[in-house]
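Only one structure is covered here, and it is reproduced in the block below.
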2 protein chains.
Amino acid sequence: MLKKERQAYIIQQINIHNKVLSSDLCVQLDVSEDTVRRDLQELAEEGKLIKVHGGALAKSFHFTIESKQVYSLPEKKIIAHKAIDLIKDGMLVVISGGTTMRELVNMLPPDLNATFVTTNVPIALELLEHPNAEVIFLGNKLLKSAQMAVGAEVVQRLGQIKADLCLLGTNSIDLNFGITDLEWEIIEVKKAMIACAQKTVSLAISEKLNTTQRLQVCALDQVDVLITELAPTNEKLTPYAKLGLSIL
Amino acid sequence: MLKKERQAYIIQQINIHNKVLSSDLCVQLDVSEDTVRRDLQELAEEGKLIKVHGGALAKSFHFTIESKQVYSLPEKKIIAHKAIDLIKDGMLVVISGGTTMRELVNMLPPDLNATFVTTNVPIALELLEHPNAEVIFLGNKLLKSAQMAVGAEVVQRLGQIKADLCLLGTNSIDLNFGITDLEWEIIEVKKAMIACAQKTVSLAISEKLNTTQRLQVCALDQVDVLITELAPTNEKLTPYAKLGLSIL
DNA sequence: TGCGTTCCCGCATAATCACGCAAAAAATTT
DNA sequence: AAATTTTTTGCGTGATTATGCGGGAACGCA
């Protein structure tokens, strides 16, 4: 195979996937990693792509990739990390939206073999980056504010699913009113998510504790696990533990 | 064997395989490598092919390799701009994926009041940025390679839609084989998209013209409009115009 | 911190190229 | 037809390019 041919192939792959791994390319093209690296370097010098450790990125995605890493509060990372341990191979996981969830998806171990159901567009996009995850997007009309699909369609489809786990990004959680949210359409979907899963996990930064919004998603007795960035023994959490929630 | 004969053979091979190796040619033509190289050099000077180390490539290769300054290719912007004029207020538009489409969505006039149906995740995300567009995402299992929903579910849902316009990002388009693509699941969805729309528009960079993939999406008689970055009068497009396609 | 991966550097090897020259072939002139 | 010129071709030599490999440095991740 000619060098230019190889480089054309690389450009093609970049255009399709927005990224390439050196390790992948050297298999696909049947050349050594050094050769691939030299090709990438050359193409990078010509401005056709951006060389990064382990492969290369499309130029157009340089910015989005960079800005993607910005919103990583350390608290969210802690929460995400705790939640990941709940996800096992073969599980069917229903997952809502929010930046904490994005963090979580980002941190999923690459060898995890699970199926994820979501109605949230950014989450879906993130999940697509995962090498092994199967992703089901329940679609319908998209709600701009939450970047997610809502409506009877979605609720009905969720009703046809029996999930192992429901990971719920939580805006507000309170001892009396349970989990609450702002928009009617979001509530509906979250309700359906909880209903279809065997186990419901609420992910919330501690500042969300003991706050309420207008509309109730569910009472606390429907929530099985509560995850915050705090230590499970923290006194802020003990009232929740007394209500029967597992605290992580 | 005469020199002209040899060169004609080389051109023929280039047309078939898009490349030739000097080492192959000197065997096939029973001449020395030097002679082959001199032939290639001559043909390169006449612009019939591109000389590279080890052989030569068809001119189309040069295009893919040289003109892909991926970050918002000017060609794509031109195409997107032309396509946008087709979208009117109140329309229901079915839209596929691809970077050209993303460019298009990005350029949509903010006051446009249209509904968009898509199965492509990045496109959906981009559409959500638009202040007025209503976005419908037809969901199901997501295909990683294309970042889009595929499967019977999607096809069926598309069947329930009567769209005004179908904007089709096109991987390969050819006079004989029509629009073609690589993956079975993608084909199915694109077919359904075409079927549900009153008018089908193919968006393709000129380098995609007269190329084919394994699987047929549709014949050219199902396509109403072809948009490339070229002027409609360009000779590359006249064969398509003769088949009844509108060229923009 | 430590471990595995990826990267960078230099070198060895092989393939390819460029140049000059002379023989062969073709075209032109005598 | 013979001689001459022009073109084409093959070959040898040395230069250039492409590639793979080894070893140590750098990186990323836990």
Side-chain angles (χ1 to χ4, degrees), chain A residues 1-11 13-14 19-46 48-57 62 65-66 68-70 72 74-85 87 102-112 126 129-132 229, chain B residues 1-11 13-14 19-46 49-57 61 65:
Chain A
M1 174 166 294
L2 277 69
K3 189 177 158 195
K4 281 273 152 81
E5 232 184 324
R6 247 181 7 233
Q7 300 191 345
Y9 178 85
I10 293 173
I11 297 284
Q13 291 300 114
I14 284 271
K19 69 171 182 191
V20 288
L21 301 179
S22 310
S23 49
D24 286 354
L25 286 174
C26 76
V27 174
Q28 292 164 24
L29 298 167
D30 192 34
V31 291
S32 74
E33 294 217 32
D34 285 280
T35 303
V36 168
R37 217 171 295 114
R38 274 186 280 245
D39 279 340
L40 292 179
Q41 192 175 331
E42 237 174 84
L43 291 168
E45 276 164 18
E46 292 166 29
K48 312 263 169 58
L49 47 75
I50 298 194
K51 179 86 191 69
V52 296
H53 195 91
L57 299 172
H62 191 220
I65 292 281
E66 292 210 327
K68 209 166 92 175
Q69 304 292 9
V70 172
S72 49
E75 293 93 337
K76 302 199 170 184
K77 284 207 166 164
I78 295 170
I79 296 174
H81 201 271
K82 290 181 185 178
I84 280 176
D85 292 338
I87 307 171
R102 250 159 94 177
E103 199 63 53
L104 183 149
V105 171
N106 234 321
M107 291 166 62
L108 285 174
D111 59 330
L112 180 71
E126 205 84 55
E129 302 288 318
H130 191 278
N132 289 303
E229 82 280 11
Chain B
M1 173 165 302
L2 278 79
K3 191 176 158 194
K4 292 273 173 188
E5 249 180 294
R6 249 181 7 234
Q7 299 195 346
Y9 178 83
I10 292 173
I11 295 289
Q13 290 299 308
I14 283 273
K19 72 161 181 185
V20 288
L21 302 179
S22 310
S23 50
D24 286 354
L25 285 175
C26 76
V27 174
Q28 292 164 22
L29 299 167
D30 191 34
V31 290
S32 75
E33 293 218 32
D34 288 82
T35 304
V36 168
R37 216 172 296 117
R38 275 186 280 244
D39 279 339
L40 292 179
Q41 194 173 338
E42 243 175 78
L43 291 167
E45 277 163 19
E46 293 167 28
L49 47 74
I50 310 288
K51 178 85 192 68
V52 298
H53 194 94
L57 298 171
F61 256 98
I65 250 213

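Proteins come first, then strands; the chains are lettered A, B, ... in the order of their sequence lines, and each starts at number 1. Bear in mind the structure is a predicted one, so any value in this text is a computation, not a measurement.
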Take atom CG in A:Asp30; do more than 12 heavy atoms of anything else shown fall under 6.0 Å from it? no
Can you name the closest pair of heavy atoms from A:Leu57 and A:Leu49 and give their distance? O-CB, 3.5 Å
Bend angle of the helix from C:dT1-D:dA30 to C:dT30-D:dA1 from five-pair axes at both ends, rounded to 10°? 40°
Identify all pairs in which a protein N or O lies below 3.5 Å from an N or O of nucleotides 5-8 of chain D, and state each distance.
from: D:dT8; atom 1: OP1; to: B:Lys3; atom 2: NZ; distance (Å): 3.2

Is a side-chain donor or acceptor of B:His53 paired with a backbone partner of A:Leu2 at a separation under 3.5 angstrom? no
Rounded to the nearest angstrom, tell me the gap between atom CG in B:Asp39 and atom C1' in C:dC17. 15 Å
d(CG, B:Leu40; P, D:dT9) in whole Å: 13 Å
By nearest-heavy-atom nucleotide on DNA chain C, the more 5' of A:Glu33 and B:Lys51 is A:Glu33
Looking at A:Leu25, A:Ile14, A:Val52, which hits side chain to side chain contact (heavy atoms under 4.5 Å, CB included) with A:Leu40? A:Leu25
Nearest heavy atoms of A:Pro109 and A:Ile84, plus distance in Å: CD-CG2, 3.8 Å
To the nearest angstrom, how far is A:Asp24 atom CG from C:dT5 atom C1'? 14 Å
For A:Glu42, all residues meeting side-chain hydrogen bond (donor to acceptor under 3.5 Å, both in side chains), sequence neighbours excluded: A:Lys3, A:Gln7
May I ask you to check whether over 12 heavy atoms, not counting those of A:His81, lie within 6.0 Å of atom NE2? no
Rounded to whole Å, how long is the line connecting atom CG of A:Leu25 with atom C1' of D:dG20? 17 Å
Results of side-chain hydrogen bond (donor to acceptor under 3.5 Å, both in side chains) for B:Glu45 - residues two or more places apart only: none
Tell me whether the side-chain N/O atoms of B:Ser22 come closer than 4.0 Å to OP1 or OP2 in C:dC17. yes
B:Lys4 NZ to C:dA27 C1', straight-line distance once rounded to whole Å: 15 Å
Base, sugar-phosphate, or nothing for A:Val52, non-hydrogen atoms under 4.0 angstrom? sugar-phosphate
Distance col, row A:Ile79:CD1 vs A:Glu103:CD, nearest 0.5 angstrom, shows 10.0 Å
Among A:Gln13, A:Arg6, A:Glu5, which residue satisfies the side chain to side chain contact (heavy atoms under 4.5 Å, CB included) criterion with A:Leu29? A:Arg6
Take atom CG of A:Leu2 and atom P of C:dC17, then tell me their distance rounded to the nearest Å. 9 Å
The criterion is side-chain hydrogen bond (donor to acceptor under 3.5 Å, both in side chains); which residues satisfy it with A:Ser32, sequence neighbours excluded? A:Thr35
Listing time: all N or O pairs from protein to nucleotides 9-15 of chain C that are below 3.5 Å?
none

Spacing between A:Leu108 atom CG and D:dC29 atom P, to the nearest angstrom: 15 Å
What is the distance, rounded to the nearest whole Å, between atom CD of A:Gln7 and atom P of D:dA18? 9 Å
